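Here is the structure we will look at, set down as structure tokens.
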Amino acid sequence: QVQLVESGGGLVQTGGSLRLSCAASGRTFSNYAMGWFRQAPGKEREFVAAISARALLSRYPGSVKGRFTISRDNAKNTVYLQMNSMKPEDTAVYYCAARTDTALSDLRYEYDYWGQGTQVTVSS
């Protein structure tokens with residue numbers, strides 16, 4: 001069993017930056033690919049970023065590519081999401097997810113564990 005706890009959400013102005021963190025329990029964090037998803041009110045949960053277990057590969061959708069960066073520190077059992085040049089459409093609850101596979105994925109159903117989410121609000 002893996003428990004994920006997100007932190008770092010909050011209110012930011014358009015063009016600003018935030019850094020989300022996700023701390024994972026367990027001894028096998030370095031064997032898990034990790035991802036970030038977000039869900040805005042009335043919308044489906046969507047893929048934001050993913051990173052492979054050894055951090056060799058990462059993936060982003062076009063909506064955040066060039067603005068967001070996912071990284072991980074396996075020694076600290078933590079994955080990060082650095083968000084720059086933020087826009088009002090980035091407003092959502094952001095979720096961290098773990099996949100019991102070393103390969104990354106951008107598919108929600110391929111993730112096995114989820115955090116409780118952290119609210120990010122971008123004011124215009």
Side-chain angles (χ1 to χ4, degrees):
Q1 190 75 9
V2 176
Q3 290 187 329
L4 304 172
V5 179
E6 301 99 335
S7 62
L11 175 65
V12 64
Q13 291 185 335
T14 296
S17 299
L18 276 179
R19 188 195 196 201
L20 305 183
S21 299
C22 173
S25 65
R27 297 174 294 176
T28 55
F29 178 78
S30 60
N31 293 334
Y32 295 163
M34 299 295 295
W36 286 95
F37 292 76
R38 67 186 181 188
Q39 188 166 18
K43 295 187 177 182
E44 291 191 354
R45 194 170 298 188
E46 65 174 3
F47 169 68
V48 174
I51 190 167
S52 59
R54 298 292 185 264
L56 295 177
L57 296 172
S58 60
R59 184 181 298 166
Y60 308 88
S63 57
V64 308
K65 197 169 186 177
R67 300 188 298 121
F68 290 10
T69 302
I70 188 171
S71 61
R72 64 190 297 161
D73 185 337
N74 287 346
K76 295 182 178 180
N77 280 17
T78 303
V79 63
Y80 305 96
L81 184 68
Q82 178 67 44
M83 303 184 290
N84 299 328
S85 302
M86 296 189 72
K87 305 175 181 180
E89 50 264 44
D90 295 322
T91 295
V93 177
Y94 282 70
Y95 297 90
C96 171
R99 182 172 187 239
T100 54
D101 193 292
T102 58
L104 61 81
S105 173
D106 56 9
L107 300 174
R108 188 175 59 191
Y109 65 83
E110 291 193 337
Y111 285 83
D112 303 288
Y113 302 101
W114 293 83
Q116 81 289 349
T118 185
Q119 176 69 47
V120 171
T121 303
V122 184
S123 63
S124 57

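None of the values given here were measured: they were computed from a predicted structure.
Only one option out of C22, C96, S71 pairs with Y80 in a side chain to side chain contact (heavy atoms under 4.5 Å, CB included); it is S71.
Other residues, nucleotides and ligands place more than 12 heavy atoms under 6.0 Å from the CD atom of Q119.
Interatomic distance, D106 CG to E46 CD, rounded to the nearest 0.5 Å: 12.0 Å. With rounding to the nearest 0.5 Å, the separation of CG in L104 from OG in S58 is 7.5 Å.
In this structure, S52 contributes its side chain and L57 its backbone to a donor-acceptor pair below 3.5 Å. A donor-acceptor contact shorter than 3.5 Å is absent between the side chain of R45 and the backbone of Y95. For the pair Q116 (side chain) and V5 (backbone), a donor-acceptor distance under 3.5 Å is absent. Between the side chain of N84 and the backbone N or O of G66 there is no donor-acceptor pair closer than 3.5 Å.
The nearest pair of heavy atoms linking S17 to Q82 is CB-NE2, 3.9 Å. Shortest non-hydrogen contact noted between Y111 and S105 is OH-O, 2.5 Å. Closest of all the heavy-atom pairs between S30 and A53 is O-CB, 3.3 Å.
Geometric assessment of R108 against the ring of W114 yields a negative cation-pi assignment under the 6.0 Å and 45° thresholds.
Residues Y109 make up the rest of the hydrophobic cluster containing L107, defined by ILVMFWY side-chain heavy atoms closer than 4.5 Å, directly or through other members. Taking Ile, Leu, Val, Met, Phe, Trp and Tyr as hydrophobic and joining them when side-chain heavy atoms fall under 4.5 Å apart, one finds Y94 in a cluster with V2, L4, V12, L18, L20, F29, Y32, M34, W36, V48, I51, Y60, V64, F68, I70, V79, L81, M83, M86, Y113, V120, V122.
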* Can you list the steps and then say if N77 with S25 is a side-chain contact (heavy atoms from CB on, under 4.5 Å)? -> CA-CA 7 Å; N77 280 17; S25 65; over 6 Å; no

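Sorted by first and then second residue, the pairs that involve residues 90-100 and meet salt bridge (charged side-chain N to carboxylate O under 4.0 Å, His left out), not counting sequence neighbours, are R38-D90, R67-D90, R99-D101, R99-E110.
Looking at D73 and T78, their side chains never bring a donor and an acceptor atom within 3.5 Å of each other.
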